[in-house]
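Input: a single structure, listed below in structure tokens.
In this chain, numbering begins with 1 at the start of the sequence shown.
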Amino acid sequence: MVYIAAEESVVEMIGKYFFQHKAPGRGSSSARRGSVESCDDKDGSWPSAGVAAGLEEEQRLLHQDLTRQIECCLTEAKPSVLRCQVLLLPRNMITSVGNHILRSATDEPCGLRGASIRLYVESKDGLKSAGNIMPDQAVTPTFELSVVFKMEKEDGWHIFDSGKVLKLRPEYRLVKRKLYSSASPVIHDFS
């Protein structure tokens, strides 16, 4: 079920972040920090032969790097923005988000290299910025993708209190805005 008022408020909130916030500095370490908990297979293998057969090696490598960067952003957001020690994700969620981001970039002039990706966590208090990803710093972005993760509502948990567990729902929203066009953002909900 889609609620128009909710979509408008999310788009407005994301619009504020587009123009007011810049990417926080992140280290260039490629080592896996491992503090985002997930039921995903952690061996780095591609999720299924059917998906891998349709993608070129370059796309597979882009996907791996993208999912690593998403995980890094979520890990760095835990103590500061999300104020939790443990972040639980549904099985294969980051893989799925990476796949949808790559599909959204296929019709763009520079592909994924022209993306500016912003990660958010939606809570009862609104959107919290969880980080930014620029796949290629040398390319001027041609489009912005906002990934809005949704927080699991658990009775009795004080989700954003320090030392607590934060659990994300399998649903998320992808908002695409072309920087070279005045068209309205395109919103896709995934579950």
Side-chain angles (χ1 to χ4, degrees), residues 1-26 32-42 47 63 66-104 115-135 144-177 185-191:
M1 184 174 278
V2 176
Y3 296 100
I4 293 175
E7 284 182 5
E8 290 173 353
S9 65
V10 170
V11 170
E12 288 173 16
M13 180 62 80
I14 290 171
K16 289 179 188 177
Y17 280 103
F18 284 151
F19 297 107
Q20 294 176 358
H21 295 281
K22 295 189 182 238
R26 291 197 315 264
R32 183 181 183 114
R33 295 171 61 145
S35 60
V36 174
E37 300 296 324
S38 175
C39 299
D40 291 343
D41 295 330
K42 304 237 180 197
H63 184 270
L66 181 61
T67 56
R68 181 195 54 79
Q69 289 182 58
I70 292 170
E71 183 178 279
C72 184
C73 284
L74 292 174
T75 298
E76 290 176 0
K78 285 185 345 176
S80 57
V81 176
L82 302 177
R83 295 188 206 125
C84 66
Q85 289 182 352
V86 178
L87 180 62
L88 300 174
L89 306 172
R91 180 176 299 276
N92 295 323
M93 181 175 202
I94 292 178
T95 300
S96 178
V97 170
N99 287 336
H100 288 125
I101 288 173
L102 285 175
R103 283 188 205 121
S104 292
S116 172
I117 303 166
R118 299 171 189 269
L119 305 177
Y120 300 95
V121 175
E122 184 177 26
S123 70
K124 65 181 178 181
D125 300 327
L127 291 179
K128 298 190 181 286
S129 178
N132 300 309
I133 298 170
M134 294 284 293
E144 291 177 331
L145 287 172
S146 296
V147 181
V148 181
F149 296 102
K150 299 181 181 195
M151 185 177 71
E152 184 75 44
K153 294 178 180 97
E154 293 288 331
D155 294 331
W157 284 10
H158 300 284
I159 298 296
F160 286 106
D161 288 346
S162 181
K164 299 298 178 186
V165 174
L166 175 65
K167 185 176 180 183
L168 299 180
R169 295 188 341 218
E171 298 88 21
Y172 58 93
R173 176 172 285 163
L174 187 65
V175 180
K176 180 178 178 181
R177 186 169 73 97
V186 177
I187 301 171
H188 296 283
D189 288 312
F190 299 99
S191 55

> Considering the options Ser116, Ser104, Pro185, which one meets the side-chain contact (heavy atoms from CB on, under 4.5 Å) requirement together with Leu145?
Replying inline: Ser104
>> Show, in sequence, the C-alpha distance, side-chain angles and deciding distance for Asp189 and Glu171, and conclude whether the side chain to side chain contact (heavy atoms under 4.5 Å, CB included) test is met.
In response: CA-CA 7 Å; Asp189 288 312; Glu171 298 88 21; over 6 Å; no
>> With side chain to side chain contact (heavy atoms under 4.5 Å, CB included) as the criterion, how do Ile70 and Ile101 come out once you've worked through the C-alpha distance, each side chain's angles and the decisive distance to 0.1 Å?
In response: CA-CA 11 Å; Ile70 292 170; Ile101 288 173; 4.1 Å; yes
> By side-chain contact (heavy atoms from CB on, under 4.5 Å), which residues pair with Ala115, not counting sequence neighbours?
Replying inline: Leu112, Ile117, Pro135, Phe143
>> Going by side-chain hydrogen bond (donor to acceptor under 3.5 Å, both in side chains), name the residues that satisfy it together with Ser96, two or more places apart in sequence or in a different chain.
In response: Tyr172
> Measuring from Ile94:CD1 to Leu74:CG, what's the distance to the nearest 0.5 Å?
Replying inline: 5.5 Å
>> Rounded at 0.5 Å granularity, tell me how far CE in Met151 sits from CZ in Arg169.
In response: 9.0 Å
>> If I take atom CG from residue Leu88 and atom CE from residue Met93, how far apart are they, to the nearest 0.5 angstrom?
In response: 12.0 Å
> Has the side chain of Lys78 got a donor or acceptor atom that lies under 3.5 Å from a matching backbone atom of Gln85?
Replying inline: yes
> Please walk me through it: do Thr95 and His63 pass side chain to side chain contact (heavy atoms under 4.5 Å, CB included)?
Replying inline: CA-CA 8 Å; Thr95 300; His63 184 270; 3.8 Å; yes
> Atom OG in Ser80, atom NZ in Lys128: separation rounded to 0.5 Å?
Replying inline: 10.5 Å
> If you measure from CD on Glu144 to NZ on Lys176, what distance do you get to the nearest 0.5 Å?
Replying inline: 12.0 Å
> Can you check side chain to side chain contact (heavy atoms under 4.5 Å, CB included) on Lys150 and Arg173, steps first, answer last?
Replying inline: CA-CA 8 Å; Lys150 299 181 181 195; Arg173 176 172 285 163; 4.0 Å; yes
>> For the NZ atom of Lys167 and the CG atom of Leu87, what is their distance to the nearest 0.5 Å?
In response: 11.5 Å
